[in-house]
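Just so you know, residue 1 is the first one in the sequence shown, and it goes up from there. What you see is a predicted model, and the numbers here were worked out from it, not measured in a lab. All values below were derived from every heavy atom in this structure, side-chain atoms included, with hydrogens, water molecules and symmetry-related copies excluded.
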Amino acid sequence: MSAPHLDLHADPIELTAALVDIPSVSRDEAVIAESVEQALRTQTAGFEIVRSGNAVLARTRLGRPSRVLLAGHLDTVPIADNVPSRREGELLYGCGTADMKSGDAVFLHLAATIAEPAHDLTLVFYDCEEIAAVHNGLGRIERDLRDWLDADVAILGEPTAGQIEAGCQGTLRVQITANGTRAHSARSWLGDNAIHRLAPVLDRLAAYEPRSVDIDGCVYREGLSAVRISGGVAGNVVPDAADLDVNFRFAPDRTVEQALAHVREVFDGLDVTLELTDSSPGALPGLAHPTAADLVAAAGGRFRAKYGWTDVARFAALGIPAVNYGPGDPNLAHTRDEHVPVGQITEVADTLRRYLAG
């Protein structure tokens with residue numbers, strides 16, 4: 001497929017539809033990256049532009065006192081008979097409309113149409129966000145082009161229904177294993193049922209009271225949940241091993257190490273083993289930073305905590321305040337019925353224009 005032409009001066013609603021109409025499932029972003037690169041090179045002024053794999057980066061060097069980074073991933077989950085896009089009244093349907101080609105469209109449109117930005121701008125359109133973190137294009141950019149990620153504040157165009165979602169929760173998973181003694185179920189008293197040994201673990205989870213933390217006016221509610229259980233040998237065997245996976249979503253005032261210590265404390269004293277299997281740190285909201293505070297003001301003072309993990313955590317780890325802000329309902333992301341209210345595209349574009357143009 002040749003790279004379709006993108007009109008960055010068109011209404012960002014139309015630009016969203018054009019982006020959706022370019023299939024870009026993770027690892028297959030070459031065509032959309034080529035279209036984005038060509039559009040930025042031919043329809044913007046004052047930007048240095050580079051290509052990194054299937055990521056496209058652009059930045060100004062105007063000597064402004066602050067720099068704002070606008071980041072959006074170009075890839076989508078596999079298409080579910082929802083490309084090309086279609087418009088029904090005030091809704092635009094299609095794979096990626098919410099997550100997050102409408103956010104990409106807003107960023108591209110503003111790059112082409114704001115003649116005198118109040119901040120220096122960096123745009124990062126990257127690949128492979130929707131698959132394992134090891135493939136995420138931001139990781140490659142951080143390794144190969146680290147200075148391109150420097151900024152006073154970063155805005156990710158993830159779907160937030162047009163409301164600033166600041167920071168994000170951290171997440172970790174542990175596997176809790178109980179061991180017993182195998183026996184024939186007809187003589188169960190000769191064995192020690194490992195599945196039964198998980199009962200005290202489940203009791204503690206059921207009784208757990210999650211913490212709520214207010215950080216910069218954002219309330220993060222934690223959660224500790226059993227997400228998978230496995231065990232058993234056969235229908236006539238008392239099992240000698242059973243596993244329970246537990247996921248802890250923690251407020252960003254905890255480090256991964258502190259969160260793991262808390263999980264160990266919750267299950268302390270039980271006759272089980274606990275192993276960390278996965279973790280990602282959270283991101284503090286950083287709304288006290290003047291550049292971030294200006295964004296909140298431009299958005300009418302509306303903001304809330306981000307529940308879930310996003311790439312804002314990558315910027316927070318670099319010491320850069322970051323927020324999620326884009327059109328679309330995150331609950332519709334990855335669904336066959338994915339869509340975005342076109343009014344939200346216009347609203348986000350207008351808000352960011354006020355902010356970036358000063």
Please test His73 against Asp99 for side chain to side chain donor-acceptor pair (under 3.5 Å), starting from the C-alpha separation and ending with a verdict. CA-CA 9 Å; His73 61 83; Asp99 188 18; 3.1 Å; yes
Apply side chain to side chain contact (heavy atoms under 4.5 Å, CB included) to Leu110 and Tyr355, showing your working. CA-CA 11 Å; Leu110 294 176; Tyr355 169 62; over 6 Å; no
Give the intermediate values and the outcome of side chain to side chain contact (heavy atoms under 4.5 Å, CB included) for residues Leu287 and Val323. CA-CA 9 Å; Leu287 296 180; Val323 301; 4.0 Å; yes
Can you list the steps and then say if Asn236 with Ser185 is a side chain to side chain donor-acceptor pair (under 3.5 Å)? CA-CA 5 Å; Asn236 58 353; Ser185 60; 5.7 Å; no
Quick one, Asp214 with Tyr220, criterion side chain to side chain contact (heavy atoms under 4.5 Å, CB included). Give me CA distance, side-chain angles, the key distance, then yes/no. CA-CA 6 Å; Asp214 188 320; Tyr220 296 88; over 6 Å; no
May I have the step-by-step check of side chain to side chain donor-acceptor pair (under 3.5 Å) for Ser66 and Arg64, ending in yes or no? CA-CA 6 Å; Ser66 56; Arg64 302 294 194 257; over 6 Å; no
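Across all non-hydrogen atoms, the minimal contact from Asp120 to Gly63 is OD2-N, 3.1 Å. Heavy-atom minimum distance, Val201 versus Leu270: CG2-CD1, 3.7 Å. Across all their heavy atoms, Ser2 and Val31 have their closest contact at O-CG1, 3.8 Å. A pairwise comparison of heavy atoms in Pro12 and Ala349 identifies CG-CB, 4.1 Å as the closest pair. In plain terms, the two heavy atoms of Leu15 and Asp7 that are nearest each other are CD1-O, 3.9 Å. Pairing each heavy atom of Cys95 with each of Val83, the nearest pair is CB-CG2, 3.7 Å.
Here side-chain hydrogen bond (donor to acceptor under 3.5 Å, both in side chains) pairs that include residues 337-349, with residues two or more places apart or in two chains, are Arg302-Glu347.
Atom-to-atom distance recorded for Gln43:CD and Thr113:OG1 is 11.0 Å, nearest 0.5 angstrom. Annotation: the span from Leu190 atom CG to Arg182 atom CZ amounts to 14.5 Å, rounded to 0.5 Å. Note: Ile22 CD1 to Ile32 CD1 = 5.0 Å, rounded to the nearest 0.5 Å. Put simply, CZ on Phe107 and CG on Leu70 are 5.0 Å apart, with the number rounded to the nearest 0.5 Å. The distance from the NE2 atom of His135 to the CD atom of Glu130 is 13.5 Å, given to the nearest 0.5 Å.
Side-chain atoms of Asp216 never come within 3.5 Å of backbone atoms of Cys218 as a donor-acceptor pair (strictly under, hydrogens ignored). Judged by distance alone, with hydrogens and angles left aside, the side-chain atoms of Tyr307 form a donor-acceptor pair with the main-chain N or O of Arg221 at under 3.5 Å. A donor-acceptor pair under 3.5 Å links the side-chain atoms of His109 to the main chain of Leu8, judged by distance alone. Between the side chain of Thr60 and the main chain of Gly46, no donor-acceptor pair closer than 3.5 Å is present. The backbone N or O of Glu165 sits nowhere less than 3.5 Å from a side-chain atom of Thr160 that would complete a donor-acceptor pair. Counting only distance, with no hydrogens or angles, the side chain of Arg228 and the backbone of Leu244 share no donor-acceptor pair below 3.5 Å. The closest donor-acceptor contact from the side chain of Glu222 to the backbone of Ala251 lies under 3.5 Å. Looking only at distances, a side-chain donor or acceptor of His184 sits under 3.5 Å from a matching main-chain atom of Ala186. Under a 3.5 Å cut-off, the side chain of Lys101 and the backbone N or O of Leu19 do form a donor-acceptor pair. A side-chain donor-acceptor contact under 3.5 Å links Asn82 to the backbone of Ala80.
Look at Arg67 and Asp150 and you find no salt bridge, because none of the NZ, NE, NH1 or NH2 atoms lies under 4.0 Å from a carboxylate O. Ion pair Asp147/Arg59 flagged as a salt bridge, since at least one NZ, NE, NH1 or NH2 atom sits closer than 4.0 Å to an Asp/Glu carboxylate oxygen. Look at Lys306 and Glu158 and you find no salt bridge, because none of the NZ, NE, NH1 or NH2 atoms lies under 4.0 Å from a carboxylate O. Checked for salt-bridge contact, Asp311 and Arg314 meet the test: a charged N lies under 4.0 Å from a carboxylate O. Salt-bridge annotation for Arg27 and Asp127: absent, with no side-chain N of the basic residue lying under 4.0 Å from a carboxylate O of the acidic one.
Tracing side-chain contacts under 4.5 Å through hydrophobic residues (I, L, V, M, F, W, Y), one never reaches Leu69 starting from Val296; they form parts of separate clusters. Put simply, Val36 and Leu156 are part of two different groups of oily side chains (I, L, V, M, F, W, Y) that touch within less than 4.5 Å, one to the next. Hydrophobic cluster membership differs between Val20 and Val56, with clusters built from Ile, Leu, Val, Met, Phe, Trp and Tyr side chains linked at under 4.5 angstrom. Both Leu352 and Val342 are part of a single hydrophobic cluster, where members link through side-chain heavy atoms under 4.5 Å apart. When hydrophobic clusters are built by joining Ile, Leu, Val, Met, Phe, Trp and Tyr residues whose side-chain heavy atoms come closer than 4.5 Å, directly or via intermediates, Ile320 is grouped together with Leu57.
Counting only heavy atoms from C-beta outward, the side chains of Asp21 and Ser85 approach each other to under 4.5 Å. Taking 4.5 Å as the limit, every side-chain heavy atom of Pro159 sits out of range of all side-chain heavy atoms of Asp329. The side-chain heavy atoms of Cys128 and Arg140, taken from C-beta on, include no pair separated by under 4.5 Å. Side-chain atoms of Val77 and Val25, non-hydrogen and from C-beta on, never get closer than 4.5 Å to each other. When side chains are defined from C-beta on, Val174 counts as touching Leu260, because their heavy atoms get closer than 4.5 Å. Between Val106 and Ile345 the shortest side-chain heavy-atom distance falls below 4.5 Å. Annotation: side chain of Asn193 is not in contact with side chain of Ser188 (no heavy-atom distance under 4.5 Å). At least one side-chain heavy atom of Leu149 sits under 4.5 Å from a side-chain heavy atom of Leu318.
Atom CD of Glu88 sits in a crowded spot, with more than 12 heavy atoms from other residues, nucleotides or ligands closer than 6.0 Å.
Remark: the Arg353 side chain and the Thr351 side chain contain no N/O donor-acceptor pair separated by less than 3.5 Å. If you check the side chains of Gln38 and His5, you find no donor sitting under 3.5 Å from an acceptor. Checked by atom type, the side-chain pair Thr310/Asn324 shows a donor-acceptor distance below 3.5 Å. Side-chain contact of Arg249 with Ser225: a donor-acceptor pair under 3.5 Å is absent, judged by distance alone.
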Contacts under 3.5 angstrom, residues 271-285 side chains, donor-acceptor by atom type, not counting sequence neighbours:
from	atom 1	to	atom 2	distance (Å)
Asp271	OD2	Arg197	NH1	2.8
Thr277	OG1	Arg173	O	3.1
Asp278	OD2	Arg173	NH2	2.7

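Remark: aromatic rings of Phe250 and His262 are distant, center separation not under 6.0 Å.
In this structure, Phe248 and Tyr208 have perpendicular ring planes: the angle between them is above 60°, well past the 30° mark.
When each of Leu74, Asp75, Leu138 is paired with Tyr126, the side chain to side chain contact (heavy atoms under 4.5 Å, CB included) condition holds for Leu138 and for no other.
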